Student: 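Questions regarding the structure given below will be posed in turn.
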Protein chains: 2
Amino acid sequence: MSMPTSIETLSRSPTANRVRGLKLLANCSRCSIRPASVCSALDAGALSEFEAIGREASFAPRMIVFMEGERADWVYTVTSGLVRLFRLLPNGQRQIVGFGLPGDFLGLPRGERHVYSADAAVGTTACRFHRQDFIMFAENHTRFLRRLHDAAVKALDLAQEQMTQLGPRRADAKIASFILSMRARWMEINGAGESVPLPMSRQDIGDYVGLNIATVSRTFTRLDRQGVIRIVPKGVRILNFPALRQLAEQ
Amino acid sequence: MSMPTSIETLSRSPTANRVRGLKLLANCSRCSIRPASVCSALDAGALSEFEAIGREASFAPRMIVFMEGERADWVYTVTSGLVRLFRLLPNGQRQIVGFGLPGDFLGLPRGERHVYSADAAVGTTACRFHRQDFIMFAENHTRFLRRLHDAAVKALDLAQEQMTQLGPRRADAKIASFILSMRARWMEINGAGESVPLPMSRQDIGDYVGLNIATVSRTFTRLDRQGVIRIVPKGVRILNFPALRQLAEQ
DNA sequence: ACGACGCTTTGCCCTGGGGCAAAGGAAAGG
DNA sequence: CCTTTCCTTTGCCCCAGGGCAAAGCGTCGT
């Protein structure tokens with residue numbers, strides 16, 4: 001059925017260079033994605049303490065954040081852009097296991113090593129903390145620790161969900177589910193409405209839901225022609241909600 | 001692509017009846033699967049204390065152990081048989097998210113409610129503990145708690161693995177991976193060799209790896225004809241290891 | 001030992017989606 | 001502003017695997 005998207009055939013491979021720049025954190029209190037992130041659990045005092053141990057890192061598109069198998073020495077909170085979480089399969093195919101959106105917390109696996117890789121899909125910024133600093137801070141701030149745990153539960157739920165999405169479903173069901181799930185995630189960030197940002201490429205979507213890039217493209221086009229969605233630059237607008245939900249359930 | 005295996009079309013639906021019988025635990029110290037279970041972390045003293053809070057439950061084939069959404073009041077350690085972990089999708093399809101083999105620990109989700117259902121695929125026995133008793137016991141036995149954590153990590157790894165298996169891979173690759181993964185799991189229990197028990201039905205395998213029952217059957221037959229495996233009652237024997245590994249990597 | 005039931009295997013046909021490749025667009029770099 | 005480089009869309013063809021259904025087997029119960 002489906003085709004290895006070898007990493008070599010991707011238009012460009014992830015670049016080995018890591019973080020592009022580091023800046024001191026200033027004014028977490030004015031950070032616009034804070035409400036959607038784990039930092040929402042911190043009051044003014046804790047926040048400035050937290051600021052002191054973090055740095056803002058920027059990543060150019062395709063820059064690696066961390067690699068599977070590597071020691072997990074840093075943790076991240078995405079503040080803008082999009083991070084791809086992926087595993088490279090023995091046959092060269094890339095399976096995207098998740099997307100890190102602004103507000104998402106990344107890089108704290110159960111063990112001491114990463115179990116998947118992460119790179120920036122577009123220009124991305126993230127607050128970076130040394131694992132030890134971060135853990136020590138969390139252990140001194142119980143509310144924060146609980147919030148972290150919540151984040152982990154949410155990630156697990158998403159993974160479970162994704163597992164059931166990947167199975168043998170029709171292309172339009174997969175794409176419809178994908179759009180609805182992205183919409184739900186953006187709503188937690190923006191509140192937003194019918195417009196769903198999709199900053200990732202068609203290839204990324206395919207590697208996430210388990211479809212060929214051509215099929216992804218065709219399916220978007222079909223949904224557009226059917227009047228279910230409208231394709232807009234870097235995203236879609238949902239025109240017929242019930243129809244989309246209906247498709248997602250197939 | 002793929003077909004809803006509606007729960008109604010399954011030859012028989014899971015039965016609503018729960019545990020068939022309960023017996024006091026006697027002689028955990030002689031339990032043959034103990035080395036493969038979380039109980040392996042307990043010494044003689046702790047073991048008899050542990051015995052006191054558990055009961056051995058038996059389940060007839062297709063009996064429900066617990067259901068998605070239900071409060072998770074009991075936890076289980078499988079001692080014999082096979083448990084199917086599954087979610088029912090909106091379209092009626094059943095996605096099997098894992099198999100509980102002897103030694104596996106089940107029923108302690110992150111939240112207070114189960115996120116998937118479980119039923120017995122064949123006649124099954126399991127040690128059952130009240131969640132509270134179990135948690136209290138674990139908190140008083142640090143080695144046991146760590147062992148529990150290890151079990152959770154292993155389960156997560158398996159789920160991650162499964163997520164990459166489900167994607168768009170060829171039928172023989174999926175089946176080959178499945179056989180190798182089952183073999184690896186049995187080896188931890190039996191040590192065993194080339195013979196891999198497969199107590200679950202073809203339908204179960206299909207709902208796990210994302211293939212139609214007919215395709216599952218055809219693929220097993222093909223691998224048999226090619227001399228890669230030999231189909232034996234309730235399992236397979238691996239004849240050509242390198243070939244199987246090779247297929248699994250596709 | 002026999003019969004019934006349920007699971008597995010197999011054949012036949014068909015369709016959804018992959019492979020390939022070219023054309024069309026958008027964005028980045030000079 | 002123009003050129004280059006990706007990325008997306010689309011057409012054409014083909015095949016892996018799904019749908020359906022019948023036949024084959026094993027097993028369990030009486």
Side-chain angles (χ1 to χ4, degrees), chain A residues 1-6 8-15 60-62 84 91-93 121-123 166-175 198-207 209-225 229 231-236 247 250, chain B residues 1-6 8-15 60-62 91-93 121-123 166-175 198-207 209-225 229-236 247 250:
Chain A
M1 270 280 84
S2 82
M3 40 30 334
T5 299
S6 126
E8 290 79 21
T9 71
L10 295 175
S11 18
R12 292 209 236 152
S13 310
T15 62
R62 284 177 313 279
R84 298 182 284 223
N91 61 1
Q93 167 147 12
V122 298
L166 269 171
R169 307 170 67 221
R170 296 177 23 182
D172 47 11
K174 287 183 173 184
I175 295 299
L198 299 175
M200 69 289 289
S201 73
R202 294 288 190 254
Q203 182 69 64
D204 292 337
I205 297 175
D207 287 350
V209 302
L211 290 174
N212 183 292
I213 179 177
T215 304
V216 172
S217 181
R218 269 187 270 263
T219 306
F220 271 102
T221 306
R222 192 176 339 123
L223 293 181
D224 184 301
R225 277 210 253 276
I229 60 171
I231 299 176
V232 299
K234 306 266 176 224
V236 296
L247 281 171
Q250 291 314 300
Chain B
M1 270 273 84
S2 80
M3 41 29 333
T5 299
S6 127
E8 291 79 21
T9 71
L10 293 176
S11 19
R12 293 210 235 152
S13 311
T15 63
R62 284 177 314 279
N91 62 0
Q93 167 147 13
V122 298
L166 269 171
R169 306 170 65 222
R170 295 175 26 183
D172 46 10
K174 287 183 174 184
I175 296 298
L198 299 175
M200 68 289 290
S201 74
R202 295 288 190 253
Q203 182 70 62
D204 292 337
I205 298 175
D207 287 350
V209 301
L211 289 174
N212 183 292
I213 179 177
T215 304
V216 171
S217 180
R218 270 188 268 263
T219 306
F220 271 102
T221 306
R222 195 179 333 124
L223 293 180
D224 183 303
R225 277 210 252 279
I229 61 171
R230 178 102 313 141
I231 299 176
V232 298
K234 307 266 175 221
V236 295
L247 281 172
Q250 292 314 300

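Since the model is a prediction, treat every value here as computed from it, not as a measurement. Every chain is numbered from 1 and lettered A, B, ... according to where its sequence line falls, protein lines coming before strand lines.
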Student: Just the rounded figure in Å: distance from P of C:dT15 to CG of B:Asn212.
Tutor: 16 Å
Student: In whole Å, what is the span from the CG atom of A:Asp224 to the P atom of D:dT9?
Tutor: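 From A:Asp224 CG to D:dT9 P: 9 Å.
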Student: I need the NZ-P distance between B:Lys174 and D:dA16, as an integer number of Å.
Tutor: 15 Å
Student: Quick one: A:Gln203 CD to D:dT8 P, roughly how many Å, whole number?
Tutor: 8 Å
Student: From C:dG17, C:dG18, C:dT8, pick the nucleotide closest to the side chain of B:Ser201?
Tutor: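 Per side-chain heavy atoms of B:Ser201, the pick is C:dT8.
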Student: Looking at A:Val236, A:Val216, A:Ile229, which hits side-chain contact (heavy atoms from CB on, under 4.5 Å) with A:Ile175?
Tutor: A:Val216
Student: Write down the distance between CG (A:Asn91) and P (C:dG18), rounded to a whole number of angstrom.
Tutor: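 Distance, rounded to whole Å: 15 Å.
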Student: Taking atom P of D:dG17 as reference, at what distance in whole Å does atom CD1 of B:Ile175 sit?
Tutor: 10 Å
Student: For every nucleotide of nucleotides 9-14 of chain C, 5' to 3': is a protein heavy atom under 4.0 Å from its base (B), only from its sugar-phosphate (S), or from neither (-)?
Tutor: BBBB--
Student: Check whether B:Lys174 reaches the backbone of B:Gly210 with its side chain - one donor and one acceptor, N or O, closer than 3.5 Å.
Tutor: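 Flag set: sc B:Lys174 to bb B:Gly210 pair under 3.5 Å.
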Student: Roughly how far, to the nearest 0.5 Å, is CZ of B:Arg202 from CG of B:Asn212?
Tutor: 13.5 Å
Student: Please identify each residue that fulfils side chain to side chain donor-acceptor pair (under 3.5 Å) with B:Asp204, with sequence neighbours left out.
Tutor: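 Listed in chain order: B:Arg84, B:Arg94, B:Ser201.
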Student: Side-chain donor-acceptor contacts of residues 217-225 of chain B below 3.5 Å, not counting sequence neighbours, with atom names and distances?
Tutor:
unit_1   : atom_1 : unit_2   : atom_2 : d
B:Thr219 : OG1    : B:Thr215 : O      : 2.6
B:Thr221 : OG1    : B:Ser217 : O      : 2.9
B:Asp224 : OD1    : B:Arg230 : NH2    : 3.3
B:Asp224 : OD2    : B:Ile231 : N      : 2.9

Student: Find the distance A:Lys234:NZ to C:dA26:P and express it as a whole number of Å.
Tutor: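 After rounding, the gap between these two atoms is 11 Å.
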Student: When the distance from CZ of A:Arg222 to C1' of D:dT9 is rounded to whole Å, what number comes out?
Tutor: 13 Å
Student: Between B:Ile205 and B:Met200, does a side chain to side chain contact (heavy atoms under 4.5 Å, CB included) hold up when you go through it step by step?
Tutor: CA-CA 7 Å; B:Ile205 298 175; B:Met200 68 289 290; 3.6 Å; yes
